[in-house]
Amino acid sequence: MKFSEIIDKLGEAADINSLGVNQDLNPEITELAAIDQAKPGSISYVEGAKFQHFINKTHASALILPNDEALLEQAINRNIVWIATSNPRLLFAQTIALFYQPWQPPASIHPTAVVHPSAKIDENVHIGAHVVIEEGVEV
């Protein structure tokens, strides 16, 4: 997804970002990664000035940074897009939800399940082994 889409999905939490500085720099972000393991297409975060040396070494395309002018400038100089926030770790955790969804079992009814003929089963439901669905149930 484009960096601008991440900004939109995060809402107000991502109001301070590099798109205000350079709208043309809007890379495709495909994954999340630790800053020292990031590669192009990754988004990562730096928690504070103590870790600023990683900004010069990372291959990440996007960073979530503290609201620190020096760190933001450092990212701009490397053409790394950024989001500034008071709590980078929390915003990174919220960003995870944009990329990783929990596993969903395929819609099906296990052969050992017992489903009453009057039950109304949605087409997207998975009914596991040995489940009993009684009369009048809507799932």
Side-chain angles (χ1 to χ4, degrees):
M1 95 180 58
K2 288 290 200 182
F3 179 68
S4 58
E5 292 175 68
I6 294 171
I7 299 294
D8 290 341
K9 290 181 180 187
L10 291 173
E12 288 182 25
D15 277 350
I16 304 171
N17 62 71
S18 61
L19 291 178
V21 177
N22 185 356
Q23 288 188 337
D24 295 333
L25 193 55
N26 187 18
E28 186 74 25
I29 305 300
T30 58
E31 65 181 13
L32 296 101
I35 193 158
D36 59 338
Q37 298 173 0
K39 54 188 176 190
S42 300
I43 185 168
S44 190
Y45 78 102
V46 171
E47 199 158 359
K50 176 180 175 182
F51 303 101
Q52 77 180 46
H53 63 280
F54 283 113
I55 297 173
N56 288 328
K57 298 177 184 178
T58 190
H59 295 287
S61 296
L63 291 173
I64 299 172
L65 299 170
N67 233 336
D68 178 319
E69 208 48 51
L71 298 179
L72 303 180
E73 189 66 33
Q74 198 174 350
I76 289 169
N77 291 339
R78 294 225 33 237
N79 284 329
I80 299 172
V81 295
W82 50 264
I83 301 168
T85 180
S86 60
N87 194 338
R89 184 187 298 189
L90 176 61
L91 192 59
F92 186 73
Q94 293 168 339
T95 306
I96 291 170
L98 302 178
F99 288 86
Y100 298 106
Q101 298 299 319
W103 178 78
Q104 296 285 331
S108 64
I109 299 174
H110 193 276
T112 62
V114 178
V115 180
H116 192 277
S118 70
K120 295 180 182 174
I121 310 297
D122 187 88
E123 64 185 37
N124 297 318
V125 171
H126 173 83
I127 299 174
H130 307 290
V131 171
V132 176
I133 306 288
E134 295 183 354
E135 180 179 3
V137 172
E138 292 185 32
V139 183

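Counting from 1, the numbers follow the sequence of the chain as shown.
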Inset, instruction - Verify side-chain contact (heavy atoms from CB on, under 4.5 Å) between Trp82 and Ile16, making sure each step is shown before the conclusion. - result: CA-CA 9 Å; Trp82 50 264; Ile16 304 171; 4.0 Å; yes
Inset, instruction - Enumerate the residue pairs fulfilling salt bridge (Lys or Arg N to Asp or Glu O under 4.0 Å) with a member in residues 123-137, sequence neighbours excluded, ordered by first and then second residue. - result: none
Inset, instruction - Let me see the working for Val81 and Asn17 under side-chain contact (heavy atoms from CB on, under 4.5 Å), right down to the final yes or no. - result: CA-CA 8 Å; Val81 295; Asn17 62 71; over 6 Å; no
Common cluster, [X]/[Y], ILVMFWY with side-chain heavy-atom separation under 4.5 Å:
X	Y	value
Ile121	Val137	yes
Leu91	Met1	yes
Val125	Val115	yes
Ile109	Ile133	yes
Ile7	Ile80	no

Give, for atom [atom1] of [X] and atom [atom2] of [Y], the distance between the pair rounded to the nearest 0.5 Å.
X	Y	atom1	atom2	value
Lys39	Thr58	NZ	OG1	12.0 Å
Ile76	Asn22	CD1	CG	9.0 Å
Leu72	Asn77	CG	CG	11.0 Å
Asn56	Arg78	CG	CZ	6.5 Å

Inset, instruction - Using modelled atom types only, decide if a donor and an acceptor are shared between the side chain of Gln74 and the backbone of Ile55 within a distance under 3.5 Å. - result: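 No; judged by distance alone, with no hydrogens or angles, the pair does not exist.
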Legend entry - Under 3.5 Å donor-acceptor, Asp122 side chain and Val139 backbone: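 A pair under 3.5 Å: no.
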Legend entry - Candidate pair Phe99 and Ile29, rule side-chain contact (heavy atoms from CB on, under 4.5 Å), full reasoning: CA-CA 10 Å; Phe99 288 86; Ile29 305 300; 3.7 Å; yes
Legend entry - Min side-chain heavy-atom separation Leu10-Leu98 under 4.5 Å: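 Heavy-atom side-chain distance check passes, below 4.5 Å.
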Inset, instruction - Please check if atom NZ in Lys2 has more than 12 non-hydrogen atoms from other residues, nucleotides or ligands closer than 6.0 Å. - result: yes
Legend entry - side-chain contact (heavy atoms from CB on, under 4.5 Å) between His126 and Gln104, worked out: CA-CA 9 Å; His126 173 83; Gln104 296 285 331; over 6 Å; no
Show me, pair by pair, the donor-acceptor contacts under 3.5 angstrom made by side chains of residues 61-71, not counting sequence neighbours?
| residue | atom | partner | partner atom | Å |
| --- | --- | --- | --- | --- |
| Ser61 | OG | Gly41 | N | 2.7 |
| Asp68 | OD1 | Ala70 | N | 2.9 |
| Asp68 | OD1 | Leu71 | N | 3.3 |

Ignoring hydrogens and angles, write down the donor-acceptor pairs under 3.5 Å from the side chains of residues 43-51, residues two or more places apart or on other chains.
| residue | atom | partner | partner atom | Å |
| --- | --- | --- | --- | --- |
| Ser44 | OG | Ala33 | O | 2.7 |
| Ser44 | OG | Ile35 | N | 2.9 |
| Glu47 | OE1 | Arg89 | NH2 | 3.0 |
| Glu47 | OE2 | Arg89 | NE | 3.4 |
| Glu47 | OE2 | Arg89 | NH2 | 3.2 |

Legend entry - Contact summary for Ser4 and Asn26, nearest pair of heavy atoms: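 Reported closest heavy-atom pair: N-OD1, 2.8 Å.
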